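Throughout, residue positions are numbered sequentially from 1 according to the sequence presented. Nothing here was measured: the structure is a model prediction, and the numbers come from that model.
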Amino acid sequence: IAICPSDLPELTTAAMKEVTDFFLQNPEMICCPIDKNNTTTGHPVIFPSKYFHNLREISGDIGAKKVLKKEYQSINYFSTNRRSYFLDLDTPEEWSNWANLNQN
């Protein structure tokens with residue numbers, strides 16, 4: 001299962017294929033994008049089926065962070081600087097600023 005918030009405006013089909021292909025190289029590990037400096041993680045985070053039970057137990061606003069923290073040894077980080085994995089817009093102001101900068 002891929003956890004992919006809907007507030008990633010630049011996430012493309014090509015980026016999704018890229019991270020999915022990386023996941024399929026080690027499908028028993030959790031796949032998580034991380035920037036080349038190893039400081040910021042992004043989305044989508046892809047979980048093998050063996051974690052579905054843990055993910056079903058999630059409640060509240062924390063998301064899958066609890067599972068990632070517990071299973072940190074099982075994370076296969078996808079190192080990339082593709083901005084689309086990390087550009088997360090949470091407020092109307094962020095969306096407006098992004099839209100203004102990306103007008104054609």
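In terms of heavy-atom proximity, His43 sits nearest to Leu11 at O-CD1, 4.3 Å.
Legend: residues meeting side chain to side chain contact (heavy atoms under 4.5 Å, CB included) with Thr39, ordered by chain and number and at least two apart, are Asp35, Asn37. With sequence neighbours excluded, the residues forming a ring-ring contact (aromatic ring centres under 6.0 Å, His included) with Phe78 are Phe22, Tyr85, listed by chain and number. Checked against ring-ring contact (aromatic ring centres under 6.0 Å, His included), Phe47 has no partners two or more places apart in sequence or in another chain.
The distance from the CG atom of Leu89 to the CG atom of Asp7 is 6.5 Å, given to the nearest 0.5 Å. If you take CG on Asn54 and CG on Leu68, they are separated by 10.5 Å, rounding to the nearest 0.5 Å.
Taking a 6.0 Å sphere around NZ of Lys70, one finds it holds 12 or fewer heavy atoms contributed by other residues, nucleotides or ligands. Heavy atoms from other residues, nucleotides or ligands lying under 6.0 Å from OH of Tyr72 number 12 at most.
Ile46 and Ile3 sit in two unconnected hydrophobic clusters of ILVMFWY residues. Membership requires side-chain heavy atoms under 4.5 Å apart, directly or through other members.
A donor-acceptor pair is defined here as one N or O able to donate and one able to accept, closer than 3.5 Å; no such pair exists between the side chain of Glu18 and the backbone of Ala14. Not a single donor-acceptor pair under 3.5 Å links the side chain of Lys66 to the backbone N or O of Ile58. Side-chain N or O atoms of Ser96 include none that pairs as donor or acceptor with a backbone N or O of Pro92 at under 3.5 Å.
The closest side-chain heavy-atom distance from Leu87 to Trp98 is below 4.5 Å. Residues Met29 and Pro48 form no side-chain contact, since every pair of their non-hydrogen atoms from C-beta on lies 4.5 Å or further apart.
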